[in-house]
Amino acid sequence: MPSQKRTFAVAILILAVLASSFGYDPPKGGLLLRSIYSPWGLASTPTTTGGSNPWAALLNPSAPGAEQLIRASAAYTGITDFGATSQGWGSAASLGLLLPTPYGVWEGSALFFSAPAAMASMDLGTFGSLRGGFSKELRSDILVGAALGLTMGGNGGFGWGLDLDVGATYLAGDLGFFKDTRFGLSLLGIGKGYTTSPLTGMFGGSASSYPSAFTLGLGARGFLYSSYNWKIDASVDLWSPSFQDIGLDLSLGLAFRDYASLRLGWSAGLRDIFSSPYTGRSFLPSLGLSGTIPLSKGIKLGKTSQRQDADLSVGLAAAPLYDSLYALGAGFS
């Protein structure tokens, strides 16, 4: 075990050195792309401990490793400044699928993003991504996963990216007064990140890839209070995009049984806070509402008489972005 820990530490160090050899200057909004595609991602802020859902797999590919039911999701996010500076309307949309098998869980997603030329606070152009991944239980308390993604698009010029995400989840159980605690670890964007040229980053140089390549994330989540009717959970995540910045993400959720929940999220980046001139990143919290409807008769699978237990989850969220921009998301799973 000590030799394995040393090997892991050396691998992280090598990746950090490689990442630091690339410039780090993402365009405005690039840091938030992985969570913008669904209301649950917007409300939770970027997190490595999002649970067994297609949106959570974008931030930690091990998240659905223990899933036993087929899950599909669709979501749409509108991006607007409500006419304050006439930046127009941007869009982000996603389709996701989890397919459990006896040996693990397959995951696939299709993502689309488009921002008009007038949207100076999130000038990312138009692009689409296809992503496929696999996750599984190594033990009853350890999940691992990996996913490969291809992105293509344009913003004054053609761009493409091909990268690998890897992640792990540790289900720690009860730790002190925290119940059902879990820890998440992600290393995202290993490979060629997506970018287009010419494009200026938010720190004034030539824009680096978005989302940022070689992004390390570490997070924890647990229930502060849990009863039959009510649950309160909290999460904290630290991110290091390209090993050249530090981001902090916090969220707090209140749930009534498994039927309805309210979530607040807050996100900040170290270089956003201390950069001069100020990057314009908002420090207001995000807000999300979601509900789950049990489908008592389940869903019929194929031509057989067998039925799978099922439920329908719907979500709504609003989150501040940069300058006067807000993201408004809705989806179902």
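Residues: numbered from 1 along the sequence shown.
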Exercise for the section: Give a yes or no on whether the backbone of Asp81 and the side-chain of Ser324 come within a donor-acceptor separation of less than 3.5 Å. Expected result: no

Problem - Spacing of Trp106 atom CH2 and Thr101 atom OG1 [to the nearest 0.5 Å] - result: 7.5 Å

Problem - Cluster link Leu111 to Leu33, ILVMFWY, side chain under 4.5 Å - result: yes

Problem - Short side-chain to backbone donor-acceptor contact, Trp239 and Leu216, under 3.5 Å - result: no

Practice task
Check the pair Arg34, Asp165 against salt bridge (Lys or Arg N to Asp or Glu O under 4.0 Å), reporting the backbone distance first and the verdict last.
Solution key: CA-CA 12 Å; Arg34 292 182 183 272; Asp165 299 337; 3.3 Å; yes

Practice task
Determine yes or no for a side-chain-to-main-chain donor-acceptor pair under 3.5 angstrom, with Thr45 supplying the side chain and Ser267 the backbone.
Solution key: no

Exercise for the section: Assess the side chains of Asn60 and Ser62: does a donor N or O sit below 3.5 Å from an acceptor N or O? Expected result: yes

Handout entry: Donor-acceptor under 3.5 Å (Ser208 side chain, Asp25 main chain)
Key = yes

Handout entry: Centroid-centroid distance, Phe256 to Trp230, less than 6.0 Å
Key = yes

Practice task
For Asp272 and Arg281, indicate whether the former's side chain and the latter's backbone hold a donor-acceptor pair under 3.5 Å.
Solution key: no

Exercise for the section: Just jot down the side-chain hydrogen bond (donor to acceptor under 3.5 Å, both in side chains) partners of Asp123, sequence neighbours excluded, or say none. Expected result: none

Handout entry: Under the salt bridge (Lys or Arg N to Asp or Glu O under 4.0 Å) test, residues paired with Glu137 that sit two or more places apart
Key = none

Problem - Closest heavy-atom pair and its distance - Leu130, Ala110 - result: CD2-CB, 3.9 Å

Handout entry: Donor-acceptor pair, side chain of Ser286 and main chain of Ala319, under 3.5 angstrom
Key = no

Problem - Greater than 12 external heavy atoms within 6.0 Å of Phe177's CZ - result: no

Problem - Between Arg71 and Asn53: side-chain donor-acceptor atoms closer than 3.5 Å - result: no

Practice task
Kindly write out the residues that satisfy side-chain contact (heavy atoms from CB on, under 4.5 Å) with Asp233, not counting sequence neighbours, or none if the list is empty.
Solution key: Arg221, Phe223, Arg263

Problem - Closest approach of Ala213 to Ser209 (non-hydrogen atoms, all atoms of both residues) - result: N-OG, 3.2 Å

Practice task
Taking all heavy atoms of Ser290 and all of Trp40, pick out the closest pair and write down the distance.
Solution key: CB-NE1, 3.8 Å

Practice task
Could you please spell out the steps behind the side-chain contact (heavy atoms from CB on, under 4.5 Å) verdict for Ile293 and Asp311?
Solution key: CA-CA 6 Å; Ile293 305 170; Asp311 55 54; over 6 Å; no

Practice task
Classify the angle between the aromatic ring planes of Phe127 and Tyr210 as parallel (below 30°), tilted (30 to 60°) or perpendicular (above 60°).
Solution key: perpendicular

Handout entry: Centroid-centroid under 6.0 Å between Phe214 and Phe243 rings
Key = no

